[in-house]
Amino acid sequence: MPKHLQFNPHIHTGYRPLMRPGDCLRSIFSLHNETVNILTHGFAIVYILVTVPYMLPWGARGALTGFLSWCHLIGAVSPWIGSFLYHVFMNLDYGEAVYRNLLKLDMLGIWICQSVVRPIFKITNNSSESKYL
């Protein structure tokens with residue numbers, strides 16, 4: 001493995017070799033050191049996209065409610081998508097720069113959730129529960 005992928009001293013085997021994008025996608029269905037991360041993040045994405053949209057009041061009280069519903073959905077799914085893509089493609093055979101960009105994508109999903117969507121929801125939510133958000 002290249003040096004930039006040897007960051008966990010506790011994992012000695014199970015690494016996927018360097019791969020092309022199609023091979024990375026096919027590796028979703030095999031066992032390796034990223035299997036649990038990939039599957040748990042993938043299941044979370046599917047669960048959020050299947051359940052959350054039906055719980056949101058998309059247009060119940062006007063355009064602002066629809067905007068907030070989109071913010072909530074994006075905020076709920078963005079960290080999972082960024083991390084899923086990182087774990088699936090982290091072993092791309094395109095060098096350390098591509099790996100670092102995938103890591104940034106993973107962090108971007110978390111940033112979207114915590115820095116953009118959450119404050120908008122907190123500011124616009126006038127209920128007594130807003131102090132817990």
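The residues of the chain are indexed from 1 along the displayed sequence. Please read all numbers here as calculations on a predicted model, not as lab measurements. Values reported hereafter were calculated over all heavy atoms of this structure, with side chains retained and with hydrogens, waters and symmetry mates removed.
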Task: Inter-residue atom distance His32.NE2 - Asn37.CG, 0.5 Å rounding - done: 10.0 Å
TODO: Keeping the roles fixed (side chain from Asn91, backbone from Pro17), state whether a donor-acceptor pair exists under 3.5 Å.
DONE: yes
Task: Atom pair CD1/CG of Ile81 and Leu49 - distance to nearest 0.5 Å - done: 6.0 Å
Distance-only donor-acceptor hits, side chain of residues 7-15, under 3.5 Å, sequence neighbours excluded:
from	atom 1	to	atom 2	distance (Å)
Asn8	OD1	His10	N	2.9
His12	NE2	Pro9	O	3.4
Tyr15	OH	Ile11	O	3.4

- [ ] Sorted by first residue and then second, give each salt bridge (charged side-chain N to carboxylate O under 4.0 Å, His left out) pair with at least one member in residues 1-22; sequence neighbours left out.
- [x] none
Open item on the list: Contact between Met55 and Pro53 at the side-chain level, heavy atoms closer than 4.5 Å - yes or no?
Closed with: no
Task: Spacing of CD1 belonging to Ile74 relative to CD1 belonging to Ile112, to within rounding of 0.5 Å - done: 8.0 Å
Open item on the list: Quick one, Leu39 and Thr35 - any side-chain contact, counting heavy atoms below 4.5 Å?
Closed with: yes
Open item on the list: As an exercise, state the distance from CE of Met90 to OG of Ser83, rounded to the nearest 0.5 Å.
Closed with: 10.0 Å
- [ ] Quick one: pull up CG in Leu5 and CG in Leu92 and give me the separation to the nearest 0.5 Å.
- [x] 10.0 Å
Task: Straight-line distance of Ile48 CD1 to Ser78 OG, nearest 0.5 Å - done: 9.0 Å
TODO: Consider only side-chain heavy atoms of I, L, V, M, F, W and Y, link residues closer than 4.5 Å, and tell whether Leu85 and Tyr47 are in one cluster.
DONE: no
- [ ] Under the ring-ring contact (aromatic ring centres under 6.0 Å, His included) rule, collect the residues that match up with Tyr99, sequence neighbours excluded.
- [x] His4, Tyr86
